[in-house]
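Below, read A as the first sequence line, B as the second, and so on, with proteins coming before strands; counting in each chain starts at 1. Computed from a predicted model, the values in this text were never measured in an experiment.
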There are 2 protein chains.
Amino acid sequence: MPPVNLKRLAQELNLSIATVSRALQDSYEVSAHTKERVRALAAELNYQPNAYASSLRRNVSKTIGVVIPEVNNHFFSLAINGIEEVARQSGYHVLIYLTHDDYEREVGITQYLTGGRVDGLLMSVASESREFEHLQKLYASKPAIVFFDRVCEALPTAKVTTNDYESGYLATAHLIEAGCRHIAHLLVSGNLSIGRMRMQGYQAALREHGLEFDETLVLTGDADDERNKERIMDLLRTRPEVDGIFASVERLALSSYQACKELGRAIPEQIKVVGFSNLGVASLLDPALTTITQPAYDIGRQAATILLRAIEKKKAILPSQSVVLKSELFARRSTAR
Amino acid sequence: MPPVNLKRLAQELNLSIATVSRALQDSYEVSAHTKERVRALAAELNYQPNAYASSLRRNVSKTIGVVIPEVNNHFFSLAINGIEEVARQSGYHVLIYLTHDDYEREVGITQYLTGGRVDGLLMSVASESREFEHLQKLYASKPAIVFFDRVCEALPTAKVTTNDYESGYLATAHLIEAGCRHIAHLLVSGNLSIGRMRMQGYQAALREHGLEFDETLVLTGDADDERNKERIMDLLRTRPEVDGIFASVERLALSSYQACKELGRAIPEQIKVVGFSNLGVASLLDPALTTITQPAYDIGRQAATILLRAIEKKKAILPSQSVVLKSELFARRSTAR
DNA sequence: GAAACGCCCGCAAACGTTTGCGTAGATAAA
DNA sequence: TTTATCTACGCAAACGTTTGCGGGCGTTTC
């Protein structure tokens, strides 16, 4: 049997393709009676418009891309939930790309995306990325871009972030007030603005509480959890005075737990730990983990909303549309006195 | 400046569009010299083919869809990792759709997907789905489909699952051997084959160990964690003899922890818990959770591999290509004697 | 009565690619 | 010289949709 497309509908109804197309779009140029006939047959034959033909003609794909480091991470999976939610409501489709924090992959992916496959892009850059030329190229190739969390400051577009400086400050101050004097800071990349902000908050809190910043207590992790754990253990062994850990990313907080377990250091008695985390089970950990929790779901929603609004209005996205949401500190047993 | 497409390249090189197209595809019908010229200019202008025009013409989109209940779940996020991995390697793009275990959404999404937007589909059906007519329609509309984990048995296509019957048996036997005599079974949907299998394993283990099956100890949860917790608490209050819980899905295991905490029941002294889970931090919970862990990443990889192979060969997918992977039991403190 | 207008609808071009077919020119075979 | 073979390329149709333009027909306006 012939495929069910506009031509097929037109033939069966003795109409032109143009009229059928317009009828389905509820155009004012076609009579109510005809519209009804068209819709009836379309429903009966279960007509589904060819998305590619439509995209080609209109130069609009009703698709957005999401480029993130990983999905097996509560922050990003919650963000995706938010993104998918608003995309679906607006009839948009969501393409997903994972960089695994690998610079090469990120470059490859952005290559793809300069082809006009997506109308817009939501992005959280890979921690390894030091060069942003690929992002510049991507930006030049038109699609609307909104960065979230791990932003690229070099591009003049909207960014959705959290109050990272304050959060870093808050986490550190919380440890100090709990009695810590030698606080290690675990982060994942020094060249991400988000990491720098948290670091500055950390430093400011130390300074204002009369503690001096010791850069040998700063440890930069990577994507390998096992290695991170080893390095944390090394740090704890060589610097036995460390009595607090501020992990600026979930994975490193968990690796710290592992490290302490293996070394037999008691949390919170010997070492207190606070970490950025969206772990739903933080309160069920042993001991319950004190967290700085980002409103991941809302971040996703906001970023997607800004993006879609710009796409629909065919307007460029401005940095002035940037949003800063607030993270929250949940004090639990891992930082109890 | 004019857009950079085949026409533009052709003009600048004094060639026909056809030749340029063929050159870029490394066709044997174009000379090495010309190919080189074309490639050079394409690279210089950063030419990216229009994916929609190409898809329209070839009737192939190089895109697969992934339809799952949620992404904020370790099983699915790991599976996505596997899927994205093999898709990327083969040059495929991944569209993602979340059903939130909602039947209506699943129907809506499958509607979309009958439009030929994707070459193939990976699916894990929503727990609420009782009717599968929408899946039948989808199946009839051609795209290759592979189910994983939460399969729809009614469709004659490949399925990637785990040994759910054995796992259910194993988990239950493990509890019994740890001394439990009144074991509750928490599941999420009785009409999913996966749930039935686990249930049967549970029953078989009871039977073979001389315990009788008590259906009032079976609790069917839903998507609302708070309500699930309440219901578990109700169960534990009205049936104080319950000394073991087998949660056939991660969320319910965690809700059980919450419930026990609120009721002051000690795990594992008073109640032992085992649950299906891909939680990386299971060992860091209080107490460490005994889990049945599915090879989620491999499931994703396998399912995607089967799907892509079928797409590339343009062959229908047969049930005979189904794969059953093995889950593993990790005994931890939550089931210690 | 002609002119003007509004309602419906069809024609055909366009979006950027791919691909079957045709062919000009060069070389080889007869 | 003629014929056949091959290489390298161009022409044009096709994929399914959207949309500017034009026109037939009926109603209103002066």
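- Each ring pair (Phe, Tyr, Trp, His ring centres under 6.0 Å) pair with one or both residues in residues 39-79 of chain A, not counting sequence neighbours, appears once here: A/Y52-B/Y52, A/H74-B/H74.
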For nucleotides 4-8 of chain D, list the nitrogen or oxygen atoms of the protein found under 3.5 Å from its nitrogen or oxygen atoms, one pair per line.
none

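- For the pair A/A53 and A/N14, nearest-nucleotide mapping onto DNA chain C gives the more 5' position to A/N14.
- Annotation: ring pair (Phe, Tyr, Trp, His ring centres under 6.0 Å) contacts involving residues 110-146 of chain A, sequence neighbours excluded, comprise A/Y103-A/H134, A/Y112-B/H93.
- Taking a 4.0 Å limit (strictly below) on heavy-atom distances, residues 15-25 of chain A reaches DNA chain C at A/L15, A/S16, A/A18, A/T19, A/R22.
- The interatomic distance linking B/Q11 (CD) with D/dC9 (P) rounds to 18 Å, in whole Å.
- Atom CZ of B/R58 is separated from atom C1' of D/dA13 by 17 Å (rounded to the nearest Å).
- Between A/K62 and A/S54, every side-chain heavy-atom pair lies at or beyond the 4.5 Å cut-off.
- Between A/R58 and A/D119, no side-chain nitrogen of the basic residue sits less than 4.0 Å from a carboxylate oxygen of the acidic one, so the salt-bridge criterion is not met.
- Rounded to whole angstrom, the span from the CG atom of A/L13 across to the C1' atom of C/dG10 amounts to 15 Å.
- B/T114 places no side-chain N or O within 3.5 Å of a backbone atom of B/L138 that could act as its donor or acceptor partner.
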Contacts under 3.5 angstrom, residues 300-312 of chain A side chains, donor-acceptor by atom type, not counting sequence neighbours:
from, atom 1, to, atom 2, distance (Å)
A/T305, OG1, A/R301, O, 2.6
A/E312, OE2, A/Y92, OH, 2.8

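- Evaluation of the salt bridge (charged side-chain N to carboxylate O under 4.0 Å, His left out) test over residues 76-90 of chain B, restricted to residues two or more places apart or in two chains, returns A/R105-B/E85.
- Following rounding to the nearest Å, B/L56 (CG) and C/dT19 (C1') show an atom-to-atom distance of 14 Å.
- By the 4.5 Å heavy-atom criterion applied to side chains, B/T162 and B/P295 are counted as neighbours.
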